[in-house]
Protein chains: 2
Amino acid sequence: MPKLKTNIVLGDSIKELKKLPANSVDLIFTSPPYADSRVKTYGGIKADKYVDWFKPYGKELLRVLKEDGTFVLNIKEKVVDGERHTYVLELILAMREMGWLWTEEYIWHKRNSFPGKWPNRFRDSWERLIQFNKNKRFKMNQQAVMVPMGDWANTRLKNLSKKDLTRDESKVGSGFGKKISNWLNKDMAYPTNVLHMATECGNKSHSAAFPENLPEWFIRLFTDEGDVVLDPFLGSGTTSKVAQRLNRNSIGIEILPEYYEIAVKSVKGK
Amino acid sequence: MPKLKTNIVLGDSIKELKKLPANSVDLIFTSPPYADSRVKTYGGIKADKYVDWFKPYGKELLRVLKEDGTFVLNIKEKVVDGERHTYVLELILAMREMGWLWTEEYIWHKRNSFPGKWPNRFRDSWERLIQFNKNKRFKMNQQAVMVPMGDWANTRLKNLSKKDLTRDESKVGSGFGKKISNWLNKDMAYPTNVLHMATECGNKSHSAAFPENLPEWFIRLFTDEGDVVLDPFLGSGTTSKVAQRLNRNSIGIEILPEYYEIAVKSVKGK
DNA sequence: GTTCCGCATGAATCGATAG
DNA sequence: ACTATCGATTCATGCGGAA
C-alpha cells in the first residue's frame, strides 16, 4: 500500500478548498460551527445569516467531491426565541438548489445530552447527520458497519472499546472474507439510520464536538482503504485522526490556530 | 367528574373541523396520510402537492386549538427518486407562515423497524414528531412522563457525603453550583426529546400507524384529565382509544368508512 | 488486579438584570 | 426596544484514586 497522507491545513476552507482538484475527495465528514455557538472562538454565525454563510462552502465542496462520493453534515438547530430555528431546513433546500441531492438523514442519539430543565422543553438529545450526494449512485460498503445481532444500542455501541474494534477488524480482514455471506446472515445484522453514541466526556485532555465512533462509522461505510476523507471544519482533529487510524488519506482544514495546533498534535500523537 | 365524550366522526376534517368552536381543543395528535402512501385508500397525495394539500387543515387546526394547546404531527418524508423528499421541511416552513410556532422536534426511534435492504440506504428506523404551538407558553406536565433514572443515580445517590449535603459553593469561574441533596429520594429523571418505542406487532387485524404508547406519552404530557384531544386523521382509532383510557375527551375524524368502522369498534370495545 | 466511588464537565436553555 | 452577560437548572460519562 502506498504511504498515506494526513494533511492538516491552517486556513479558511473557501480559500483552501480552491487549491484542491475537482472530483478528488471520496467522503466529506464535518461538523461546522453551529449558529451562535462557540462565539468566543469562531465569532458566532448569526442564525438568520447561517445559510448565506454556508453557501460558498457548499459550492466548493460540491466541486471537490468525486462523482460517487458522499458528504455527511453533522448539525443541529438552536432554540431561538422559544422556537427551533429553521436554518437547517433552509440549508437543506439551499443545498439542493446548488445541485446536491439530499439522500438521507441519519439521527445521532446522544445518550448523554446536556442536562437542564426548562418550563416548556426537555433536554435535546439528538443531532442530524445529513447525507448529501452528487449522484443517485454512490459508494457504500454496507457490510463494513454491520453489527452483532441483537440490540445495536445494548451491544456494540454502548462501549465501543478497542477490544471490540480489533475483534471486528479481524473478522472482516480474515479469510472469512470469502464466505462473508455465511456468517453475515447468522451473526451480523445491518444497522439502521439511528446511531446511539455518547458524546465524549470533558475530562479528557481535549474534548471534541463528536466522539471518534461517529466519523469512524461513516468512514467505514462510505470509503475504502486508501480513499480520501475531507473535513473542512476540522476543529480538534477527530476526523483526521480516525481517518489515519483506518488507513484513509485525509485533508483537514481549520481556521483557528489553537484548534489547528491541537489537531496536528492529535494526529502525530497517534 | 363529568361524563367523558369520545366522539368519532365520519367525514373530511376540513368540513368537520369548521363545526368545532375556536379555541376548544387542548391537544391535536395525528399522523396524516403520508405522501404517496395508502394510495388505494386515501388516493395518494402526491409528494409535490403535499404542502398545498395540508395547508387548509393546518389553518382550521390553528383555529380550533386553545391558546395554550399543542399540535403534535407524526410524519416522515418518503424517498422519491433516490432522495428524501423535502415536503416535510417545506411543511414546517409553511406552518410558520400560517402563524404556527415550531417549538420542538421529537424523534420516535422505532426499535423494531420494518426489515429490508437496499443498495444505498439502511432501514428507516425513525420518524419525526413535530411540535407546533400557538404561543410560547403552553400547558406541559413534565412530571407525568418522567422515567426511571439510570445506574448513575443508584450508585451516586446511595451514599451522600457530608459535602454533598450542604450546598457546594460555585468554584472559581467554571464550577457548577451543585445541590446534590435535592436529588435525594429521586429515582426518576426527566426524559429527553428522543422516544424509544417499538412499532406494534403485525398480528393485529388492522395495523395502526403508531403504537398506543406514542399518543399516550403526548396526551399525558400536554393534557390533564377532562381535556380535549383531537385527531383529524384518526385512521384505526388509536388516539381516541388512548384518550378514552386516560380519561380525556376526544374527537376523532376519519374520512374512510372502513377505518371509521374500525375506530368505532376499537373505542366501544374498551 | 478488579471493582467501586468521587468528581468535573458538556454544540443547552430560560429568565432576570444590566448597558 | 434591543442586545449582552450571568446565574440556575440537571444527568450521563470516563477518568483516577480508593477499597
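Numbered from 1 within each chain, the chains take letters A, B, ... in sequence-line order.
Between A:Phe54 and A:Tyr57, the ring-plane angle classifies as tilted under the 30° and 60° cut-offs. Ring geometry for B:Trp126 against A:Trp126 counts as tilted: the plane angle lies between 30° and 60°, on a 0 to 90° scale. Ring geometry, A:Tyr50 versus A:Trp53: the interplanar angle falls from 30° to 60°, so the pair is classed tilted.
Nucleotide D:dT10 forms a pair with no other nucleotide shown, judged by Watson-Crick or G-U wobble geometry with both contacts under 3.5 Å. Pairing for C:dA11 is absent, with no Watson-Crick or G-U wobble pair whose two atom distances lie under 3.5 Å.
For the pair A:Arg123 and C:dC14, the criterion of a side-chain N or O lying under 4.0 Å from OP1 or OP2 is not met. Distances shorter than 4.0 Å separate some side-chain N or O of A:Arg121 from OP1 or OP2 on C:dC14. OP1 or OP2 of D:dT13 sits under 4.0 Å from a side-chain N or O of A:Arg111.
Across all strands shown, A:Arg128 has no heavy atoms under 4.0 Å from either base or sugar-phosphate atoms. Using a 4.0 Å heavy-atom cutoff across all strands shown, A:Pro32 reaches at least one base atom of the nucleic acid.
Taking the nucleotide of DNA chain D with the nearest heavy atom to each of A:Trp118 and A:Asn112, the more 5' of the two is matched to A:Trp118. Looking at which nucleotide of DNA chain C each of A:Ile75 and A:Asn120 is closest to, the 5′-most match is held by A:Ile75.
Summarising the geometry, atom CD1 belonging to A:Ile107 is positioned 10.5 Å from atom NE2 belonging to A:His196; distances are rounded to the nearest 0.5 Å.
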